[in-house]
Amino acid sequence: MQGIAHVPDGVTLRPIHRNIRKVWRWSAIGGSLVTAAILGPAVAGLFLGMQKPWWIGALCGVTLALVLCVRSLVLIDRQYRAWGYALTDRELIVQWGIYWRTARYIPRDAIQHVDVNQGPIDRRNGIAQVQVYTAATGTAVVTIPGLAEADANDLRGRLLPQFELGS
Amino acid sequence: MRLSPVSIFTGLGPVLRQLLLPLVILMVGGSGQKLLDAVGPLSGIGIGITIVIAAGLPKYFTTTYEVTSHEVILNTGWIWKRRRVVPRERIQEVQVSQPLVHRALKVAVVKLETAGSGALSEVSLDCLGLEQAHALRDLLLKRDAPSATQAAEKPPVYALSLDRIVKSSLLENRALALAAVGFGFIMENDSLRDQLISRAMEASKRVDAITGVLMALAALSAGWIFSVVLGVWKFYGFRVDLTERGIQIRQGLGNVTTRAVTLSRVQHITVRQGLLYRLAGYHSVAVSTAGDVHTKQQDAFNGYVSPAATRSEVSMLANLIFPGLRWVTSADKRLPKLAMIARSVDTLLAIAFPLAVLIAFNLLVKMIPLVLAVGTVILLLPLLFVRGVRTERYAQEGGYFRRHRGYVTWQGEAAPVARLQGVQVVQSPLQRRLGLANVTLNAPGSAVTVRDVEFDEANQVKDDLLAERRQHRGRGV
């Protein structure tokens with residue numbers, strides 16, 4: 001696994017679930033359709049304004065969306081390999097990023113609450129995202145995408161301190 | 001408990017502000033006059049007052065608040081009832097402010113800020129009697145804290161004289177910023193620009209050189225006067241008082257704001273010295289609490305503990321807020337020389353990319369000389385940044401993580417390590433080649449980032465920060 005996170009001895013970063021690649025793939029395709037729907041008419045309008053054939057503009061817009069989509073699809077495997085997380089007895093360590101690589105270290109007692117989210121595509125692929133909230137501003141949320149449902153719930157359970165419910 | 005009955009009328013200001021734009025549009029469009037003719041001016045005012053009272057009445061009758069030993073409970077709403085419960089230990093800051101209308105009616109707005117993001121982190125009680133507002137603030141911050149009137153009797157720990165406010169306003173010259181925005185707007189609007197240029201050309205034929213210079217001077221003076229008026233309006237009577245749990249900042253000529261800040265809740269301090277401020281020896285000192293969320297502007301928080309402090313005053317104020325904090329010590333670490341390369345490339349890319357896009361879209365073809373001039377500046381800029389990078393220092397000392405840099409201007413920031421919520425190490429592709437990284441201390445309401453340190457050093461800083469944080473157990477928010 002590529003990345004820049006430093007983990008204590010005896011701890012290894014765990015990869016996220018393989019199915020996340022399917023989710024990203026569908027998101028890239030869906031996203032590029034939306035981008036094409038916006039960019040195509042927008043660039044066509046720009047060309048019309050410049051008194052040039054509108055269809056060249058539309059083609060440019062759609063091609064740009066297509067290029068972005070292909071770029072995302074090509075990078076999905078590397079993006080998947082860049083993701084990793086580890087829970088030590090003191091911190092939650094999360095790393096991501098292909099070009100701009102980030103490693104974030106969150107003290108366990110700084111965690112305010114944890115959400116487990118599942119979108120429709122996530123649900124279809126049997127995965128969930130875990131969102132970890134701290135009180136920090138701007139970087140208050142760390143989202144670990146694509147954990148198996150059981151892993152996500154297990155991680156949530158381990159991230160929060162255990163309380164005994166009184167009778 | 002209910003709000004002050006005066007709250008029925010204090011809705012006037014916001015309603016007027018909301019109505020202003022539609023009214024202007026109506027008047028400009030010409031239909032406003034027809035409306036006025038049909039209704040009559042007196043009936044119009046009557047209808048307006050009725051609307052304001054009608055809008056204020058439900059608010060008065062449906063808003064109640066309650067302060068228990070652990071919570072502040074606010075009930076609002078009529079059809080959609082809302083109950084907001086704020087644990088008292090989570091209150092970051094209590095602000096008592098008196099906008100102009102409130103001042104005339106001797107009432108105040110009390111705002112409670114808690115850690116969190118956006119408007120949800122704020123509870124606003126608009127409005128309470130002045131005495132009631134101060135009593136509530138004292139109760140929430142500390143039962144036996146001195147009231148505002150008592151605090152005002154003691155000498156302040158820091159006060160800003162009127163001549164300092166005037167001098168700093170002259171240096172800031174806020175009117176220039178406004179003029180720059182106006183100039184930009186005119187240049188963007190082709191017809192307006194051509195019209196103004198032709199008028200200026202005509203005027204220049206009629207006016208001789210001396211009158212022209214005098215007019216320019218008059219315009220500059222008007223700008224300065226405007227800036228001074230703004231500065232005095234905002235900072236008149238600026239004083240910092242020490243209360244039992246924190247500091248109380250009072251300022252303003254029109255809207256007098258009294259802000260009580262619990263010292264243990266302060267997350268971050270920033271000291272800035274711009275070029276002109278440097279010549280006068282002034283610094284601005286601002287603090288942020290966790291209630292200062294990123295959705296608001298820095299200025300909107302109004303978190304100055306001094307807009308224009310001398311060097312010794314900066315030390316005094318910084319030590320008041322973060323005891324033991326020193327800006328320059330032997331513990332200071334420098335950035336590696338490679339940081340100069342990284343920063344220069346970053347700067348070049350940041351400026352060159354938008355320029356390249358503009359040129360590609362033929363937008364700057366008419367302005368080739370300007371492009372060449374800007375290009376020269378771009379080539380020179382890295383030299384300035386390189387010098388700046390060499391002056392940058394950071395250290396973790398005495399429980400604080402701090403960073404400062406100063407070449408043409410000076411800027412320092414510090415945050416207590418105990419409040420750390422996370423540490424982040426980020427590496428860009430260029431930094432990876434150079435073996436550098438950025439390391440960020442994330443705290444509530446703020447972050448301190450040191451850019452372009454050696455990668456191993458970044459991890460060492462991360463380890464040291466987390467180790468010190470472990471010594472301070474608990475959330476510390």
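Quick note on labels: first sequence line is chain A, next is B, and so on, each numbered from 1. Every value quoted in this text rests on a predicted model; they were computed, and no experiment measured them.
- Between Ala110(A) and Leu420(B) the shortest heavy-atom distance is CB-O, 4.4 Å.
- We find the NZ-CD distance between Lys462(B) and Glu91(A) to be 7.0 Å, quoted to the nearest 0.5 Å.
- Side-chain contact, Gln427(B) with Arg101(A): no donor N or O sits under 3.5 Å from an acceptor N or O.
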task: Apply side-chain contact (heavy atoms from CB on, under 4.5 Å) to the pair Val425(B) and Tyr105(A), showing each step before the final yes or no.
output: CA-CA 8 Å; Val425(B) 178; Tyr105(A) 306 82; 4.1 Å; yes
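- Applying the side-chain hydrogen bond (donor to acceptor under 3.5 Å, both in side chains) test to His6(A) and every residue at least two apart in sequence or in another chain returns Asn459(B).
- Residue Arg470(B) holds its CZ atom at 10.0 Å from CG of Asp109(A), rounded to the nearest 0.5 Å.
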task: Give the C-alpha distance, both sets of side-chain angles, the deciding distance and a yes or no for side-chain contact (heavy atoms from CB on, under 4.5 Å) between Asn442(B) and Thr134(A).
output: CA-CA 10 Å; Asn442(B) 296 125; Thr134(A) 67; over 6 Å; no
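- Separating the CD atom in Gln421(B) from the OH atom in Tyr133(A) is a distance of 15.0 Å, to the nearest 0.5 Å.
- With sequence neighbours excluded, no residue forms a side chain to side chain contact (heavy atoms under 4.5 Å, CB included) with Asp463(B).
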